[in-house]
Amino acid sequence: MARQLSRWAICCLRVAAPGLGWGRGRGCEFSCASFGRIMRPDDANIAGNVHGGTILKMIEEAGAIISTRHCNSQAGEPCVAALARVERTDFLSPMCIGEVANVSAEITYTSRHSVEVQVNVMSENILTGAKKVTNKATLWYVPLSLKNVNKVLEVPPIQYARKEQEDEGKKRYEEQKLDRLETKQRNGDVILPVINPEPHTVGYSQSSLIHLVGPSDCTLLGFVHGGVTMKLMDEVAGIVAARHCKTNIVTASVDAINFHEKIKKGCVITVSGRMTFTSNKSMEIEVFVDADPFVDEPRERYRAVSAFFTYVSLSKEGKPLPVPQLLTETEDEKRRFEEGKGRYLQTKAKRQAQLQQSAQQ
């Protein structure tokens with residue numbers, strides 16, 4: 001099985017930097033890989049903008065391949081890397097039908113049981129040769145045994161060019177570990193239907209999607225690919241945003257996506273989304289995934305994934321449009337609005353600090 005997996009990885013990837021190794025018990029140099037594909041009409045919305053979920057799925061595929069390959073680089077029990085978390089991801093520039101998405105992935109940190117992968121996405125206009133960076137993402141994976149899906153294996157270590165790189169990676173690891181725990185503790189909400197909701201209220205735009213998990217959605221171990229889940233989440237968030245604005249909308253960013261539990265083949269998943277906050281030009285949508293394990297496992301519904309998506313409204317010319325203000329009615333909706341406002345202001349301040357730092361350099 002491990003040999004078949006390696007052949008599949010080689011077919012899907014070309015090494016971006018020849019000469020860089022993949023570990024093989026030597027302490028492991030940095031590992032890089034890349035692939036690309038052209039964007040087709042079924043990858044985009046009616047305005048020709050590529051769905052954020054399509055890009056997220058490609059990002060996850062690159063991360064899954066490179067981390068699985070690294071985790072199988074030393075002799076031992078064969079495994080598949082499972083997505084545990086995606087850090088905040090900004091969509092820096094829209095991608096359109098006909099452009100080529102070039103995805104490059106690099107392993108930047110390993111702990112005992114997890115792998116950090118950083119992925120960059122660049123769009124290329126093959127008619128003009130123009131290129132631009134569209135996405136940067138950081139993902140965390142854990143290796144699961146092919147023999148026992150519940151067994152987490154140890155990760156081969158990598159060598160760092162500088163001690164500072166290892167220290168910075170360890171800091172990121174500890175931060176994401178703490179955030180995952182806090183997020184899981186507040187994941188008890190459910191979305192209930194609202195009868196005759198008023199326009200621009202939370203109940204008016206909230207949406208849900210029900211999906212039966214089939215073999216094509218799953219890894220070799222029979223649980224759902226992280227990219228498949230993220231694509232469905234983006235679809236629901238897009239529906240919520242479009243209902244609220246009644247305009248063309250695009251994904252602007254995704255807050256950290258936390259994968260709390262695996263979703264197995266045969267489960268029925270419910271992907272739910274609701275508006276939490278609006279600024280003048282953006283909308284924050286909370287999305288979570290609940291799983292009902294109907295086949296061979298008598299277990300109650302559980303929360304599997306959660307995240308916040310941010311969308312912007314665009315005119316036919318691709319210019320930002322004002323977003324209708326969200327009308328909050330209940331105390332919970334007002335609380336979530338204030339929490340969303342806090343995240344919005346924090347992100348805005350962080351972005352301004354980065355711009356000032358870049359200007360000084």
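Worth knowing before you read on, the calculation uses all heavy atoms, side chains too, and leaves out hydrogens, waters and symmetry mates.
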Inset, instruction - Give a yes or no answer on whether the side chain of D90 reaches the backbone of L92 with a donor-acceptor pair at less than 3.5 Å. - result: no
Legend entry - Test item: side-chain donor near acceptor, T134 and S123, under 3.5 Å: no
Inset, instruction - Determine, using the 4.5 Å side-chain heavy-atom cutoff (strictly less than), whether V250 and I285 are members of one ILVMFWY cluster. - result: no
Legend entry - Beyond-backbone contact of P322 with K281, side-chain heavy atoms, under 4.5 angstrom: no
Legend entry - Polar side-chain atom of Y311 near backbone of G238 as donor-acceptor pair, under 3.5 Å: yes
Legend entry - Side-chain donor/acceptor of E174 to backbone N/O of K171, under 3.5 Å: no
Legend entry - Step-by-step side-chain contact (heavy atoms from CB on, under 4.5 Å) determination, D217 to H211: CA-CA 10 Å; D217 299 320; H211 178 75; 2.9 Å; yes
Inset, instruction - For the residue pair V121 and K136, establish whether any side-chain heavy-atom pair is separated by less than 4.5 Å. - result: no
Inset, instruction - Please answer: with hydrophobic residues joined when any side-chain heavy atoms are less than 4.5 Å apart, are V103 and V100 in the same cluster? - result: no
Inset, instruction - Among Ile, Leu, Val, Met, Phe, Trp and Tyr joined by side-chain contacts under 4.5 Å, find the other residues sharing a cluster with Y204 and list them by chain and number. - result: none
Inset, instruction - Please determine if D332 and R335 form a salt bridge, counting it only when a charged side-chain N lies under 4.0 Å from a carboxylate O. - result: yes
Legend entry - Any side-chain heavy-atom pair of D43 and I97 under 4.5 Å: no
Inset, instruction - Say whether N120 and N135, considering side chains only, have a donor N or O and an acceptor N or O under 3.5 Å apart. - result: no
Inset, instruction - Answer yes if I239 and I249 sit in the same cluster of Ile, Leu, Val, Met, Phe, Trp and Tyr residues linked by side chain heavy atoms under 4.5 Å apart, and no otherwise. - result: no
Legend entry - CD (E164) with more than 12 external heavy atoms under 6.0 Å: yes
Inset, instruction - Check whether M122 and V50 end up in the same hydrophobic cluster, where Ile, Leu, Val, Met, Phe, Trp and Tyr are linked by side-chain heavy atoms less than 4.5 Å apart. - result: no
Legend entry - Residues R88, D179: salt bridge by 4.0 Å N-O rule: no
Inset, instruction - Might you confirm whether atom NZ of K262 has over 12 heavy atoms from other residues, nucleotides or ligands at distances under 6.0 Å? - result: yes
Legend entry - Identified side chain to side chain contact (heavy atoms under 4.5 Å, CB included) counterpart of E286 within the set F308, F309, F277: F308
Inset, instruction - Kindly say whether G63 contributes a backbone atom to a donor-acceptor pair with the side chain of S67 at under 3.5 angstrom? - result: yes
Show me the donor-acceptor pairs, under 3.5 Å and distance only, between side chains in residues 138-152 and residues at least two apart or in other chains.
{"unit_1": "W140", "atom_1": "NE1", "unit_2": "E87", "atom_2": "OE2", "d": "3.1"}
{"unit_1": "Y141", "atom_1": "OH", "unit_2": "E60", "atom_2": "O", "d": "2.9"}
{"unit_1": "Y141", "atom_1": "OH", "unit_2": "E60", "atom_2": "OE2", "d": "3.4"}
{"unit_1": "Y141", "atom_1": "OH", "unit_2": "A64", "atom_2": "N", "d": "3.1"}
{"unit_1": "S145", "atom_1": "OG", "unit_2": "E77", "atom_2": "OE2", "d": "2.4"}
{"unit_1": "S145", "atom_1": "OG", "unit_2": "K147", "atom_2": "N", "d": "3.0"}
{"unit_1": "S145", "atom_1": "OG", "unit_2": "N148", "atom_2": "N", "d": "3.3"}
{"unit_1": "N148", "atom_1": "OD1", "unit_2": "N150", "atom_2": "N", "d": "3.1"}
{"unit_1": "K151", "atom_1": "NZ", "unit_2": "E77", "atom_2": "OE1", "d": "3.0"}

Inset, instruction - Check whether any side-chain heavy atom of C267 lies under 4.5 Å from a side-chain heavy atom of D292, and answer yes or no. - result: no
Legend entry - Q352 side chain vs A349 backbone, donor-acceptor pair below 3.5 Å: no
Legend entry - Euclidean distance, E166 CD relative to Y173 OH, rounded to 0.5 Å: 13.0 Å
Legend entry - V289 side chain near I263 side chain, heavy-atom distance below 4.5 Å: yes
Legend entry - K163/D167 salt bridge by N-O under 4.0 Å criterion: yes
Legend entry - side chain to side chain donor-acceptor pair (under 3.5 Å) between S272 and S208, intermediate numbers included: CA-CA 4 Å; S272 305; S208 294; 3.3 Å; yes
Inset, instruction - Apply side chain to side chain donor-acceptor pair (under 3.5 Å) to the pair S207 and R243, showing each step before the final yes or no. - result: CA-CA 9 Å; S207 301; R243 279 180 169 172; 2.7 Å; yes
Legend entry - Shared hydrophobic cluster for L209 and F259 (ILVMFWY, side-chain gaps under 4.5 Å): yes
Inset, instruction - Step through the shown structure and confirm whether more than 12 heavy atoms of other residues, nucleotides or ligands are within 6.0 Å of NZ on K132. - result: yes
Legend entry - Polar side chain donor-acceptor pair, S313 to T247, under 3.5 angstrom: yes
Inset, instruction - Kindly indicate whether the side chain of V323, heavy atoms from C-beta on, has any atom under 4.5 Å from the side chain of N280. - result: no
Inset, instruction - Determine, step by step, whether R343 and E284 satisfy the side-chain contact (heavy atoms from CB on, under 4.5 Å) criterion, reporting the C-alpha distance in whole Å, the side-chain angles of both residues, the deciding distance to 0.1 Å, and the verdict. - result: CA-CA 10 Å; R343 286 186 291 269; E284 182 190 71; 2.8 Å; yes
Inset, instruction - For L178, look at atom CG and say whether over 12 heavy atoms of other residues, nucleotides or ligands are found less than 6.0 Å away. - result: yes
Inset, instruction - Decide, yes or no, whether a salt bridge links K57 with D234 under the criterion of side-chain N to carboxylate O below 4.0 Å. - result: no
Legend entry - Main-chain N/O of L127 paired with N125 side-chain donor or acceptor, under 3.5 Å: yes
Legend entry - Main-chain N/O of L326 paired to T278 side chain as donor or acceptor, under 3.5 Å: yes
Inset, instruction - Test K231 against E235 for salt bridge (charged side-chain N to carboxylate O under 4.0 Å, His left out), laying out the working first. - result: CA-CA 6 Å; K231 193 173 188 297; E235 287 178 9; 3.4 Å; yes
Inset, instruction - Decide yes or no for M95 and I55: does some side-chain heavy atom of the first lie under 4.5 Å from some side-chain heavy atom of the second? - result: yes
Inset, instruction - Examine distances only and state if a side-chain atom of H200 and a backbone atom of P324 form a donor-acceptor pair shorter than 3.5 Å. - result: no
Inset, instruction - Apply the test side-chain contact (heavy atoms from CB on, under 4.5 Å) to residues I38 and I126: give CA-CA distance (whole Å), side-chain angles for both, the deciding distance (0.1 Å), then the verdict. - result: CA-CA 9 Å; I38 196 165; I126 54 178; 4.1 Å; yes
Inset, instruction - Any chance you could lay out the side-chain contact (heavy atoms from CB on, under 4.5 Å) test for V213 and I269, step after step, and finish with the verdict? - result: CA-CA 7 Å; V213 176; I269 59 174; 4.1 Å; yes
Legend entry - Short side-chain to backbone donor-acceptor contact, T128 and A130, under 3.5 Å: yes
Inset, instruction - Would you mind reporting whether H70 and V155 have side-chain heavy atoms less than 4.5 Å apart? - result: yes
Legend entry - Whether N72 side chain and T68 backbone form a donor-acceptor pair below 3.5 Å: yes
